Asks: 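What follows is a structure written as structure tokens; I'll ask about it next.
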Amino acid sequence: MDNRQIAAIFARMADILDIQGENPHRIMAYRRAAENIAALSRPLEEIWRAGELDSIPGIGKTLAEKIDELMRTGRLEAYEKLRAQVPDGVVEMLQVPDVGPRKAALFWKELGITSIAELEEAARAGKLRSLPGMGVRSEEKVLAGIEALKRRSGRIPLGTAWELARALLEPLRELPGVVQAAPAGSLRRMRETVGDLDLLVAAEDPEPVMARFRSLPQVAEVLLSGTTKTSIRTHDGYQADLRVLPPARWGTALQYFTGSQAHNIRLRGLAQDRGLSLSEYAIKREDGTEILCATEEEVYAALGLPLIPPELREDRGEIEAALAGRLPDLLELSDLQGDFQFHTTLSDGRASLWEMAQAAHAAGLKYAVVSDHSRGLGVAHGAGPEELRRQRAEVEEVNRRMGGTFRVLTGVEVEVRADGSLDLPDEVLAELDIVVAAVHSGLRQPREQFTARAIAALRHPHVDILAHPTGRLLGQREGADVDMEAVLRAAAETGKAVEINAHPWRLDLNDVGIRRAIELGVLLAISSDSHDPEDFGLLHFGVAMARRGWASPAHILNTRSAEEVLAWTRRS
DNA sequence: GCCGTTTTCGGCCCGACTGTTTTCAGTCG
């Protein structure tokens, strides 16, 4: 049983208990446990074997016993009992927007509805409106929610959300009276996917801002609109929430709406300990007087904390670290001196080596590794030994023309075959500065086989970096089923680096993997994987993932100079 | 169900918006 499965069981138990109207704090305890387990960087099974379950926040005696039962037997009696009491379809109704535990229970108990399909049928037949607390409007909202659920393609990949937020905020920023405008929520925390957009504007008069927001061309539907909050759905089916607050309250507002919810709950607890109450509007003293915070620094300072960077705000130990004065010295984009992957027209890139080198230099880098695909990746017109030799000559020429201001390092993104071997001869690989090994095919191989392939690549003497270790494409393709713990241990043992692919469709290794890699002493290499001169601008997404994984400059290969990197490749 | 030098019991974050209500429950974040 892996962490995700066990987290899913506890989350499901919370949903069932919620529908049953259980004690909300007991429900919260299950939810919190599920979230903390999902966020663990170590396998839960390892923690269980070591008898250290009580070290996980939110896991007490009872839940530890339940984990023990799951690990030993693969089953959980309490879970099976709960599932027998509430049909799965009733729990699934919670996915419908505006249907919560109370209404799901109402529909089930009063009308015997046990699936979303039955719910839709009942709503169309006008059977919901006569239920207590319901009406025609509520019935319409249920139908609209079901429609939205059908359209919903899941969470928004970070890169898409980033661009959409920029497009929605730009026109608001230009309005008179708007002092600040910024994304908040999981987008500001740079989670790999974003549920919906949280946008924040500081202005004394909210109404003109709300009006402009409602009239933006991207808006398909206004879901709700009040004096402080407006929610819309875009034509692409994404939801965006805009909040407008006075500039003097910007700090509390930005802090609050950045979240995460778990982080904020902890912060409110700290406020209570100090006799304070924290909300998006202000910090309130017990006598009712307000402390206004125009910056987030002031909010954290009032609670006796240094500013915690948004990427860390997940209640994954950052509050304890902040209290102890041990927040990590997080990596910054400006720490990067180089990039470990870009492509040219030799394979599937869209620009020449010269154009790419200039773009990388313009992006502030001092060096970059040209890493065209090897021949094995047919779709990308991969390069063979002869093409790579010719490219080496071209690299020398480009480096000469750059006049010492920038250096291209020779390299390749060599294909790892299904059996774990590489599709270029050793003598070709030996001539290159950097060898990046990548798996692009056979992602559906069984876990053991895929893991063995990745480890074989890491053990190859000429390989320096393992690229995008799961091969996932966010929102399009699941990554391979891989024993990441084993792969990271192999990287640690061989002294090889693992890639953080910065492309917003990949973000692979992800934040949890990065944090574990750092714990195991694995070096990480951030790659833009640029196929176009503009793509070097994507590196900040990779930096964001590294920050979410608590990375400092020392953990990241890119912070070293080209000479230091070359010295590292000559490691024994 | 978790958690704790102010507690091993009694707390557990806070507010907006909507719809069905006449003072509030439900949902969401």
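Each chain gets a letter, A, B and so on, in the order the sequences are listed, and its residues count up from 1. What you are looking at is a predicted structure, and each value in this text was computed from that prediction instead of being measured.
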Asks: Taking side chain as C-beta onward, heavy atoms only, is A:Arg129 less than 4.5 Å from A:Leu131?
Replies: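 Result no, sub-4.5 Å side-chain heavy-atom pair not found.
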
Asks: Before you tell me yes or no, could you show the steps for A:Met28 and A:Ile265 under side chain to side chain contact (heavy atoms under 4.5 Å, CB included), namely the whole-Å CA-CA distance, both residues' side-chain angles and the distance that decides it to 0.1 Å?
Replies: CA-CA 11 Å; A:Met28 180 64 100; A:Ile265 288 171; 4.0 Å; yes

Asks: Going by a 90° cut-off around 0, is B:dT20 syn or anti?
Replies: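 With its glycosidic angle more than 90° from zero, B:dT20 counts as anti.
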
Asks: Within less than 4.0 Å of OP1 or OP2 of B:dC14, is there a side-chain N or O belonging to A:Arg268?
Replies: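 Looking at the OP1 and OP2 atoms of B:dC14, neither is under 4.0 Å from any side-chain N or O of A:Arg268.
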
Asks: Ignoring backbone atoms, establish whether A:Thr227 has a side-chain N or O less than 4.0 Å from OP1 or OP2 of B:dA16.
Replies: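 The answer is no; no side-chain N or O of A:Thr227 sits under 4.0 Å from OP1 or OP2.
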
Asks: Between B:dG11 and B:dT7, how far apart are the P atoms? Round to whole Å, please.
Replies: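 Rounded to whole Å, the distance is 14 Å.
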
Asks: Can you find a donor-acceptor N/O pair under 3.5 angstrom joining the side chain of A:Asn23 to the base of B:dG1?
Replies: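 Pair found.
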
Asks: Over how many whole Å does the gap from A:Phe257 atom CZ to B:dG15 atom P extend?
Replies: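 After rounding, the gap between these two atoms is 11 Å.
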
Asks: For A:Leu224 and B:dT18, what is the distance between atoms CG and C1' respectively, to the nearest whole Å?
Replies: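 Checked: the CG to C1' distance equals 8 Å.
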
Asks: Measure NZ/A:Lys103 against P/B:dC28 and give the value in whole Å, please.
Replies: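 So the two atoms are 8 Å apart, to the nearest Å.
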
Asks: Taking the P atom in each of B:dG4 and B:dC13, what is the distance between them to the nearest angstrom?
Replies: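 Roughly 14 Å separates the two P atoms.
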
Asks: Roughly how many Å apart are B:dC24 and B:dT20, using the C1' atom of each and rounding to a whole number?
Replies: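 9 Å, rounded to whole Å.
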
